[in-house]
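These figures come from a predicted structure and were not determined experimentally. For the numbers below, each heavy atom of this structure counts, side chains included, while hydrogens, waters and symmetry mates do not.
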Amino acid sequence: MRRRSRWAPRAGTIVVAAVLTVFAALVFFTSLLPGTIAGFAAGTLALHAAVAAFVILLLGIFLKGV
């Protein structure tokens, strides 16, 4: 039998990625958030949040227990 090399992300991992994705969507597609957050451009933070969500989900797929 072949050893399994991929797992499904845990629920906590999915929730964290979903929160980051919702934040990115709010910044990119609405005007609900201010232009700067803590001195950083909101668009830059949203881009980093979207990339972080993608990386977190990939880690959840390829690493067991994430």
- Minimum heavy-atom separation for F23 to A49, with atom names? CD2-CB, 3.8 Å
- Message: Working to the nearest 0.5 angstrom, can you tell me the gap between I14 CD1 and T21 OG1?
- Response: 11.5 Å
- Do F29 and L47 belong together in a cluster built from hydrophobic side chains that touch within less than 4.5 Å? yes
- Task: Might you work through the side-chain contact (heavy atoms from CB on, under 4.5 Å) test for F40 and T36, ending with a clear yes or no?
- Result: CA-CA 5 Å; F40 296 101; T36 59; over 6 Å; no
- Pairwise distance CD1(I56) to CD1(I61) - rounded to 0.5 angstrom: 12.5 Å
- Task: Search all heavy atoms of A52 against all heavy atoms of L20 and return the closest pair with its distance.
- Result: CB-CD1, 4.0 Å
- So, for A46 and A24, which heavy atoms are closest and what is the spacing to 0.1 Å? O-CB, 3.5 Å
- Message: I'd like to know if V27 and V19 are part of one continuous hydrophobic network [Ile/Leu/Val/Met/Phe/Trp/Tyr, side-chain heavy atoms within less than 4.5 Å].
- Response: no
- Message: side-chain contact (heavy atoms from CB on, under 4.5 Å) for L58 and F62? Distances and angles first, verdict last.
- Response: CA-CA 6 Å; L58 279 180; F62 291 110; 3.9 Å; yes
- Scanning both residues in full, the closest heavy-atom pair of A53 with A17 reads CB-O, 3.6 Å
- Query: More than 12 heavy atoms of other residues, nucleotides or ligands under 6.0 Å from CZ of F28: is that the case?
  - Reply: yes
- Task: To the nearest 0.5 angstrom, please state how far the OG1 atom of T44 sits from the CD1 atom of I37.
- Result: 10.5 Å
